[in-house]
Asks: 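Starting off with a structure, shown below.
Basis for what follows: all heavy atoms, side chains included, without hydrogens, waters or symmetry-related copies.
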Amino acid sequence: MRASAVFLTVVFSAVRGGTDHVTVQTEKNVFLGCRQNVTLFCNISTTHKHFNILDFFWMNSSQEKLCTHSGTPKKEASDHFHCQYTDLQQLALTIQSAGNDEGGEYVCKLFSDHGHDGAKTTVVVSECPEMIPDKISPRGVSSQLGNQASTLQRKRTLVLLLGALLLAFP
């Protein structure tokens, strides 16, 4: 009976990784205003002083890696996202000038020779106003200006007609 209890403990420890494990912690929710900068911190917690990181990264809800402990992997992401890694302690993801598109879930994941873990942060950005010039083509802008000019012309014409009618019938 005693031998089966020892065997069961050894098997259970092997499945869980024994005491050799690492965890990561992040803030659960982050709230910020439109176009503000925010830094998300992913902190490593472990009982080991020496361990090897195989992969340590932040990714968005589309599963796109935004930054890793070895640098920012995508050039197009680097304009908005910046990373800072502190050896065996922390990976910080900074989102610059966050807008509507940057709101959502971000996941930090760590893979090491002593285990793996992940944690999620939800970023909530207050609603940013739409930027009309970014959404309209040059042709659309000129037609909008044309519509505004024709509306102004119609108002002027109406004022002139009303004035003429008032003068015609005293």
Asks: Grouping I, L, V, M, F, W and Y whenever their side-chain heavy atoms are under 4.5 Å apart, do F111 and V24 come out in a common cluster?
Replies: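 Different hydrophobic clusters.
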Asks: Kindly determine whether D55 and K65 satisfy side-chain contact (heavy atoms from CB on, under 4.5 Å), including the steps that lead there.
Replies: CA-CA 11 Å; D55 205 0; K65 281 187 184 180; 2.7 Å; yes
Asks: How close do G33 and S126 get, counting heavy atoms only, and between which atoms?
Replies: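 Minimum heavy-atom contact is CA-OG, 3.2 Å.
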Asks: Is any side-chain heavy atom of L40 closer than 4.5 Å to a side-chain heavy atom of T26?
Replies: no
Asks: Do any N or O atoms from the side chain of T46 and from the backbone of H48 form a donor-acceptor pair under 3.5 angstrom?
Replies: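 Answer holds: yes.
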Asks: Would you say that V123 contacts L32 through its side chain, given a criterion of any heavy-atom pair below 4.5 Å between the two side chains?
Replies: yes
Asks: NE2/H80 to CG/N37 distance, rounded to the nearest 0.5 angstrom?
Replies: 9.5 Å
Asks: Can you tell me how far apart CG (L66) and CG (N60) are? Round to the nearest 0.5 Å.
Replies: 4.5 Å
Asks: Is I44 linked to F57 within one hydrophobic cluster, defined over Ile, Leu, Val, Met, Phe, Trp and Tyr using a side-chain heavy-atom separation of less than 4.5 Å?
Replies: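 The answer is no; the residues belong to distinct hydrophobic clusters.
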Asks: Compare every heavy atom of G99 with every heavy atom of R35, then report the nearest pair and how far apart it is.
Replies: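 So the two residues come closest at NH1-CA, 3.2 Å.
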Asks: Hey, can you pull the donor-acceptor pairs under 3.5 Å for the side chains in residues 103-110, sequence neighbours left out?
Replies:
unit_1: Y106; atom_1: OH; unit_2: E102; atom_2: O; d: 2.6

Asks: Would you say L91 ends up clustered with F41 if hydrophobic residues are merged whenever their side chains have heavy atoms under 4.5 Å apart, either directly or through other cluster members?
Replies: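 As far as the 4.5 Å side-chain criterion goes, L91 and F41 are not connected within one cluster.
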Asks: Find the distance between SG (C42) and CD (E27) and round it off to the nearest 0.5 Å.
Replies: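 With rounding to 0.5 Å, SG (C42) is 12.5 Å from CD (E27).
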Asks: For the NZ atom of K28 and the OG1 atom of T121, what is their distance to the nearest 0.5 Å?
Replies: 7.5 Å
Asks: For L93 versus C67, what's the shortest heavy-atom pair and its separation?
Replies: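 Of all heavy-atom pairs spanning L93 and C67, the closest is CD1-SG, 3.7 Å.
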Asks: Has the side chain of T86 got a donor or acceptor atom that lies under 3.5 Å from a matching backbone atom of Q89?
Replies: no
Asks: Take Q90 and N43 through the side chain to side chain donor-acceptor pair (under 3.5 Å) test and state the conclusion after the steps.
Replies: CA-CA 4 Å; Q90 181 182 78; N43 299 305; 2.6 Å; yes
Asks: How long is the gap from CD1 on I95 to CD on Q36, to the nearest 0.5 Å?
Replies: 12.0 Å
Asks: With a 4.5 Å cut-off on side-chain heavy-atom distances among I, L, V, M, F, W and Y, is there a chain of contacts connecting V22 to L88?
Replies: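 Yes; tracing contacts between hydrophobic side chains, which count when under 4.5 Å, links both residues.
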Asks: Less than 4.5 Å apart, side chain to side chain, heavy atoms only: is that true for E127 and N100?
Replies: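 They are in contact (side-chain heavy atoms under 4.5 Å apart), so the answer is yes.
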Asks: Assess whether atom CD of Q25 is packed by more than 12 heavy atoms of other residues, nucleotides or ligands within 6.0 Å.
Replies: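 Buried by this count: over 12 neighbours within 6.0 Å.
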Asks: Grouping I, L, V, M, F, W and Y whenever their side-chain heavy atoms are under 4.5 Å apart, do W58 and Y85 come out in a common cluster?
Replies: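 Yes.
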Asks: How long is the span from the CG atom in L54 to the NE2 atom in H114, to the nearest 0.5 Å?
Replies: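 One finds 10.0 Å between CG of L54 and NE2 of H114.
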Asks: Side chains of Q96 and T94: any donor to acceptor distance under 3.5 Å?
Replies: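 No, Q96 and T94 have no side-chain donor paired with an acceptor closer than 3.5 Å.
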